[in-house]
Number of protein chains: 2
Amino acid sequence: MTSRPYHHGDLKAALLAAGIDILEAQGLDGLSLRAIAGRCGVSHSAPKNHFGSLRGLLTAIATEGFRRHAQAMCEGLGETATRQQRLAAAMQGYADFAQANPALFQLMFSKQHCDFADPALLQAANASYAILADISTGLDWAKAGLPDSQTRTQMMLWSLVHGYASLRNAGLFDRLPEHPIGYILPASTYREES
Amino acid sequence: MTSRPYHHGDLKAALLAAGIDILEAQGLDGLSLRAIAGRCGVSHSAPKNHFGSLRGLLTAIATEGFRRHAQAMCEGLGETATRQQRLAAAMQGYADFAQANPALFQLMFSKQHCDFADPALLQAANASYAILADISTGLDWAKAGLPDSQTRTQMMLWSLVHGYASLRNAGLFDRLPEHPIGYILPASTYREES
DNA sequence: AGTGGAAAGTTTACACTGTCAACATTGGGG
DNA sequence: CCCCAATGTTGACAGTGTAAACTTTCCACT
């Protein structure tokens, strides 16, 4: 269909897809170079030509994960919504993605498995962050007299939604009554748009 | 010195200590049953008698991690401090512990490595949560008309500090100006004690 | 057209892992 | 005193990632 530059088809993309499939089906434990290669019908050593090492392959998978993550955050964003509603929708998308893809989500934020020095991964991660950062413009959690109020608001929102998603995925919220992320965002901190 | 119920001394405790040492020195990757056993001078199969499997040993290590975690949160708690100051101190202890023991912190919240059905682990984790929950009594992030305001405040605080610690440990805050956790807690949401 | 070489994939080997079964050793309670 | 359960060892096994040597394919250049 697309390009076929060599004799067996579009590996690299097939390896990525197989990796994500195994990740969803069997979790991070079941994700091995040999399993991915086997699912693509190639030898266990073939992935090295495209990704160098397992770490490189996991980094590429995480990069694709951030792209889907950003898309999930954008899906609930209607044009007519208020900034508060858009923020709640983006955070809900963040948490929903983590819940729907727990192994991928865990991989995406694991310095143990991924190489955050990789430019592609860094760019994809920054793109996800930028979505929350953009929406949070005009909202303010600042204490009087402290600088960087915009940055601090962004860090607060990112930390809040990321911790919420992580703790829920780990099962630490199981004994508590359920509350969507919107019910945890303090209403009193919203500021009307100017 | 302590008790010596069998012919080689107090393994189990030695294995736990060796595991934590390796965790700090070499990270989660370097933590293997054989490495732990080797550091204690026993064969690679000895830990099975005390912990059953690697998962059991990691669960026990995480349990000890939660005990130290709770202690780190309590260290900054002075009796004379206001509730706001005590909250900020506990959260600072939470984040500092995560920064000082990144591998242990990662292990403690990894459903992949730990068995959260283990009663000891569950109790230790709940004890850590209870510290934040107790301090947050009297503080309120509730929207009017929603139930469970106490629970929601606790979830918000826990999510915020956990996400902050996790994202900072992953290096995702490296490009942003530094802000201690207290500068991210919104001041406007504090409520005076009654 | 034909050839050289780089890209893509295979094979083989190696060190390492966790788990298991069979075996050795020890120490304490009948 | 002696047996037995707890503790620890040995050896084997399937599985992992990595690396080197090898083979196959295809593209570019003369």
Side-chain angles (χ1 to χ4, degrees), chain A residues 1-19 21-23 25-62 103 106-107 110-115 118, chain B residues 1-19 21-23 25-62 103 106-107 110-115 118:
Chain A
M1 186 67 69
T2 61
S3 69
R4 174 158 316 207
Y6 47 87
H7 59 316
H8 258 80
D10 192 1
L11 247 177
K12 190 159 192 175
L15 290 171
L16 275 176
D21 283 352
I22 294 178
L23 207 51
Q26 305 181 237
L28 242 173
D29 295 321
L31 193 67
S32 72
L33 266 180
R34 294 167 122 97
I36 298 175
R39 177 180 275 243
C40 293
V42 296
S43 83
H44 68 276
S45 199
K48 181 166 193 175
N49 296 315
H50 298 278
F51 299 101
S53 68
L54 174 65
R55 189 177 180 78
L57 177 49
L58 295 184
T59 300
I61 291 178
Q106 180 191 358
L107 172 66
S110 168
K111 203 160 56 171
Q112 179 190 4
H113 300 98
C114 298
D115 178 18
D118 181 87
Chain B
M1 187 70 68
T2 62
S3 70
R4 173 156 318 207
Y6 47 87
H7 60 314
H8 258 78
D10 193 2
L11 248 177
K12 189 159 192 176
L15 290 171
L16 276 176
D21 282 352
I22 295 178
L23 206 50
Q26 306 182 239
L28 243 173
D29 295 321
L31 193 67
S32 71
L33 265 180
R34 293 168 121 99
I36 298 175
R39 176 180 276 242
C40 293
V42 296
S43 82
H44 68 275
S45 199
K48 180 165 193 176
N49 296 316
H50 298 278
F51 299 102
S53 69
L54 175 65
R55 188 176 180 79
L57 178 49
L58 296 184
T59 300
I61 291 178
Q106 181 191 358
L107 172 66
S110 168
K111 204 161 54 169
Q112 180 190 2
H113 300 98
C114 299
D115 178 18
D118 181 87

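A, B, ... follow the sequence lines: proteins, then strands. Residue 1 opens every chain.
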**Q.** Nearest-0.5 Å distance, CG of residue Leu58(B) to OG of residue Ser110(B)
**A.** 8.5 Å
Q | Whole-Å distance separating the CG atom of Asn49(B) from the P atom of dT7(D) | A | 7 Å
**Q.** Rounded interatomic separation in angstrom, taking CZ from Phe51(B) and C1' from dT7(D)
**A.** 14 Å
Q | Atom pair distance, as rounded to whole Å: CG in Asp10(A) and P in dA7(C) | A | 17 Å
(Q) Measuring only between side-chain heavy atoms, which start at C-beta, is Ile36(A) closer than 4.5 Å to Leu16(A)? (A) no
Q | For Gln112(A), all residues meeting side-chain hydrogen bond (donor to acceptor under 3.5 Å, both in side chains), sequence neighbours excluded | A | Asp29(B), Gln106(B)
Any N/O pairs under 3.5 Å between the protein and nucleotides 18-21 of chain C? List them or say none.
from	atom 1	to	atom 2	distance (Å)
dG18(C)	OP1	Leu33(B)	N	2.9
dG18(C)	OP2	Leu33(B)	N	3.0
dG18(C)	OP2	Arg34(B)	N	3.4
dG18(C)	N7	Arg34(B)	NH1	2.3
dG18(C)	O6	Arg34(B)	NH1	3.2
dT19(C)	OP2	Leu54(B)	N	3.0
dT19(C)	O4	His44(B)	NE2	3.4
dC20(C)	OP2	Lys48(B)	NZ	3.2
dC20(C)	N4	Ser45(B)	OG	3.2

Q | Nearest-angstrom distance from the residue atom CD1 of Ile36(A) to P of dG9(C) | A | 15 Å
Q.
Just the rounded figure in Å: distance from C1' of dG8(D) to CG of Leu15(B).
A. 11 Å
**Q.** Spacing of CD1 belonging to Ile22(A) relative to CG belonging to Leu28(A), to within rounding of 0.5 Å
**A.** 11.5 Å
Q. Between atom CD1 in Ile22(B) and atom C1' in dT17(C), what is the gap in whole Å?
A. 14 Å
Q) dT10(C) C1' sits how many Å from Leu11(A) CG, rounded? A) 13 Å
**Q.** salt bridge (charged side-chain N to carboxylate O under 4.0 Å, His left out) against Arg39(B), all qualifying residues, sequence neighbours excluded
**A.** Asp21(B)
Q) Rounded to whole angstrom units, what separation is found between the CG atom of Asp29(A) and the C1' atom of dG17(D)? A) 16 Å
Q | Reported CZ-to-SG distance for the pair Arg55(B) and Cys114(B), which is rounded to 0.5 angstrom | A | 7.5 Å
